[in-house]
Amino acid sequence: MAPTLFPMESKSSKTDSVRAAGAPPACKHLAEKKTMTNPTTVIEVYPDTTEVNDYYLWSIFNFVYLNFCCLGFIALAYSLKVRDKKLLNDLNGAVEDAKTARLFNITSSALAASCIILVFIFLRYPLTDY
């Protein structure tokens, strides 16, 4: 058995009386070590929130240029909510709001692009020809 630096005290009273009578007095730092409580250090580990995309620039673009039925504004609002939840380390809420912001951005971009295409089609082929 390997020697230990701090021998453990036994629970029986016989060994305590033998140790107290025949053994040399314990070192001062050992006695202090017995009476001190071990402080614990708490390290809080937060999940990595840099992996959550907030789609902020896409939302700004949709809000300024392609704000179809205010969907760009709604996407921008959710993008800002994602940023706030990332600061509060609410990873689950940030992921859910990021999915919603992406959905509104896709919808706004697709509807605005289809409207732009329809406008170009009607400019090229006006309805007066039919």
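None of the values given here were measured: they were computed from a predicted structure. Scope of the values below: all heavy atoms of this structure, side chains included, with no hydrogens, waters or symmetry mates.
Checked by atom type and distance alone, the side chain of Lys86 never pairs as donor or acceptor with a backbone atom of Ala94 at under 3.5 Å.
Judged purely by distance below 3.5 Å, without hydrogens or angles, the side chains of Asn67 and Ser108 never pair a donor atom with an acceptor atom. Under the 3.5 Å distance criterion, with hydrogens and angles disregarded, a donor-acceptor pair is assigned to the side chains of Ser109 and Trp58. Checking Ser59 against Asn105 by side-chain atom types alone, a donor-acceptor pair falls below 3.5 Å.
The same ILVMFWY cluster, assembled from side-chain heavy atoms under 4.5 Å apart, contains both Tyr56 and Phe73. Criterion: ILVMFWY side-chain heavy atoms under 4.5 Å apart, direct or through other members. Under it, Ile106 and Tyr55 are part of a common hydrophobic cluster. Using a 4.5 Å cut-off between side-chain heavy atoms of Ile, Leu, Val, Met, Phe, Trp and Tyr, with links allowed through other members, Leu80 and Phe63 fall into the same hydrophobic cluster.
Relative ring orientation between Phe104 and Tyr78 is described as parallel, the plane-to-plane angle staying below 30° on a 0-90° scale split at 30° and 60°.
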Arg83 vs Leu87, side chain to side chain contact (heavy atoms under 4.5 Å, CB included): CA-CA, chis, key distance, verdict:
CA-CA 6 Å; Arg83 285 194 168 192; Leu87 287 176; 5.9 Å; no

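Among all heavy-atom pairs drawn from Leu66 and Ala112, the shortest one is CB-CB, 3.6 Å. Contact record, Val52 with Leu91: CG2-CD1, 3.4 Å, taken as the closest heavy-atom pair.
Distance check, rounded to the nearest 0.5 Å: SG of Cys69 to CD1 of Ile74 gives 9.5 Å. The CD atom of Glu96 lies 6.5 Å from the OG1 atom of Thr100; values are rounded to the nearest 0.5 Å. Taking CZ of Arg102 as the reference point, atom CG of Asn53 lies at 9.0 Å (rounded to 0.5 Å). In this structure, Tyr65 OH and Ile116 CD1 are separated by 12.0 Å, a value rounded to the nearest 0.5 Å. Here the CG-CG distance, from Leu76 to Leu71, works out to 12.5 Å after rounding to the nearest 0.5 Å. Here the straight-line distance linking atom CD1 of Ile121 with atom CD1 of Ile117 works out to 7.0 Å at 0.5 Å rounding.
The side chain to side chain contact (heavy atoms under 4.5 Å, CB included) search around Leu103 returns Thr107, not counting sequence neighbours.
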